[in-house]
Amino acid sequence: MTKKTRNIIYLLVFVLVLLVYGLYNFTKTKDIDTLIAEPMLELTAEDLISYLELHKNTNDKQYLEKVIAIKGVVKEINNLNERHTILLKGGKDDATLIICDMNPSQSIEFKKLKPGDTVNVKGIYKGFLKDVVLLNCVIANKKTND
């Protein structure tokens, strides 16, 4: 085997190892059970939006993929594409919302909610652009009408 052939084989093995490692990290799921997970952060919807807007030019990755708990007022409830989603009011102007994509196990509690209810939800923080996105949300308490 020539030196050139051996180098090509080493390069192919190296690329294959990198590809397998990358696919493993890309496809692995973080199985966080939001029902039992302790939140890293607990805020009202208004405080969360204020904090994120204040720090939008800095790194908010400390909460990325972590469970956070939010108390807020339900603005809208929808079932688009067979997904249960709650939109929480983010503040006084309602320009920014908190989008809570619900865990399928929450369908009974979800059906009891209506706009204007105040709820505590826990979910996995996925990021903030115009709105805050939480996935795999669970209702952390019963609804209240404030």
Side-chain angles (χ1 to χ4, degrees), residues 1-113 115 117-141 143:
M1 193 179 325
T2 67
K3 186 175 181 179
K4 184 177 181 180
T5 307
R6 192 172 37 231
N7 286 341
I8 290 172
I9 290 173
Y10 288 145
L11 180 64
L12 289 173
V13 169
F14 179 72
V15 168
L16 182 64
V17 168
L18 282 177
L19 182 64
V20 168
Y21 178 76
L23 284 173
Y24 170 76
N25 280 331
F26 181 74
T27 59
K28 78 177 181 181
T29 58
K30 297 181 179 182
D31 296 326
I32 300 172
D33 186 355
T34 49
L35 272 172
I36 59 173
E38 287 295 320
M40 180 180 192
L41 180 68
E42 295 183 43
L43 292 171
T44 65
E46 206 169 291
D47 290 342
L48 177 65
I49 298 296
S50 296
Y51 173 82
L52 291 173
E53 285 178 345
L54 182 65
H55 295 92
K56 74 169 121 182
N57 295 329
T58 61
N59 190 353
D60 72 340
K61 293 185 181 183
Q62 65 183 340
Y63 301 116
L64 206 57
E65 298 291 332
K66 304 287 193 247
V67 175
I68 62 173
I70 305 298
K71 180 178 182 178
V73 177
V74 176
K75 177 179 181 172
E76 184 181 322
I77 300 168
N78 67 53
N79 293 305
L80 296 175
N81 300 325
E82 297 181 27
R83 299 289 307 173
H84 300 307
T85 305
I86 298 172
L87 302 178
L88 298 178
K89 295 179 182 180
K92 296 175 179 83
D93 62 358
D94 283 343
T96 304
L97 300 172
I98 298 175
I99 302 169
C100 302
D101 186 47
M102 302 301 290
N103 182 309
S105 70
Q106 296 293 295
S107 61
I108 293 172
E109 290 296 321
F110 178 83
K111 290 176 183 175
K112 295 176 186 176
L113 293 175
D117 287 344
T118 300
V119 294
N120 288 326
V121 295
K122 287 192 304 183
I124 300 170
Y125 174 70
K126 296 304 277 186
F128 170 70
L129 288 174
K130 181 185 177 299
D131 298 313
V132 176
V133 177
L134 298 176
L135 297 182
N136 202 23
C137 291
V138 296
I139 297 172
N141 73 333
K143 68 175 183 166

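Any value given below was found using the heavy atoms of this structure, including those in side chains, with hydrogens, waters and symmetry copies removed. Here, residue 1 is the first one in the sequence, and each next residue gets the next number.
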At their closest point, which heavy atom of [X] faces which heavy atom of [Y], and how far apart are they?
X	Y	answer
Ala37	Val67	CB-CG2, 3.9 Å
Met40	Lys66	SD-CG, 3.5 Å
Leu97	Asp131	N-OD1, 2.8 Å

Approximate separation, where rounding is to 0.5 Å, of [X] [atom1] and [Y] [atom2]:
X	Y	atom1	atom2	value
Ile98	Lys71	CD1	NZ	13.5 Å
Leu48	Tyr125	CG	OH	7.0 Å
Asn103	His84	CG	NE2	10.0 Å
Asp117	Lys112	CG	NZ	12.0 Å
Lys130	Ile99	NZ	CD1	8.5 Å
Leu11	Leu16	CG	CG	11.0 Å

> Given Phe128 and Thr96, is the side chain to side chain contact (heavy atoms under 4.5 Å, CB included) satisfied, shown in steps?
Replying inline: CA-CA 10 Å; Phe128 170 70; Thr96 304; 3.8 Å; yes
> Checking side-chain contact (heavy atoms from CB on, under 4.5 Å) against Cys137, which of Met102, Lys122, Gln106 comes through?
Replying inline: Met102
> Picking from Val133, Thr85, Ile86, Asn136, what satisfies side-chain contact (heavy atoms from CB on, under 4.5 Å) with Asp101?
Replying inline: Thr85
> Who pairs with Asp47 by salt bridge (Lys or Arg N to Asp or Glu O under 4.0 Å), at least two apart in sequence or on another chain?
Replying inline: none
>> I'd like to know whether Leu113 forms a side chain to side chain contact (heavy atoms under 4.5 Å, CB included) with Glu109, so could you lay out the CA-CA distance, the side-chain angles of the two residues, the decisive distance to 0.1 Å, and finally the verdict.
In response: CA-CA 7 Å; Leu113 293 175; Glu109 290 296 321; over 6 Å; no
> So Leu88 and Val132, side chain to side chain contact (heavy atoms under 4.5 Å, CB included) or not? Walk me through it.
Replying inline: CA-CA 10 Å; Leu88 298 178; Val132 176; over 6 Å; no
>> Surrounding CG of Leu12 (heavy atoms of other residues, nucleotides or ligands, distance under 6.0 Å), is the total greater than 12?
In response: yes
> Does a sphere of radius 6.0 Å around CD1 in Ile108 hold more than 12 heavy atoms from other residues, nucleotides or ligands, not counting ones at 6.0 Å or beyond?
Replying inline: no
> Are Leu43 and Ile68 close enough, and set up right, to give a side chain to side chain contact (heavy atoms under 4.5 Å, CB included), and what steps lead you there?
Replying inline: CA-CA 8 Å; Leu43 292 171; Ile68 62 173; over 6 Å; no
>> Is the shortest side-chain heavy-atom distance between Thr34 and Ile124 below 4.5 Å?
In response: yes
> So which pairs with a foot in residues 3-18 pass side-chain hydrogen bond (donor to acceptor under 3.5 Å, both in side chains), sequence neighbours left out?
Replying inline: Thr2-Thr5
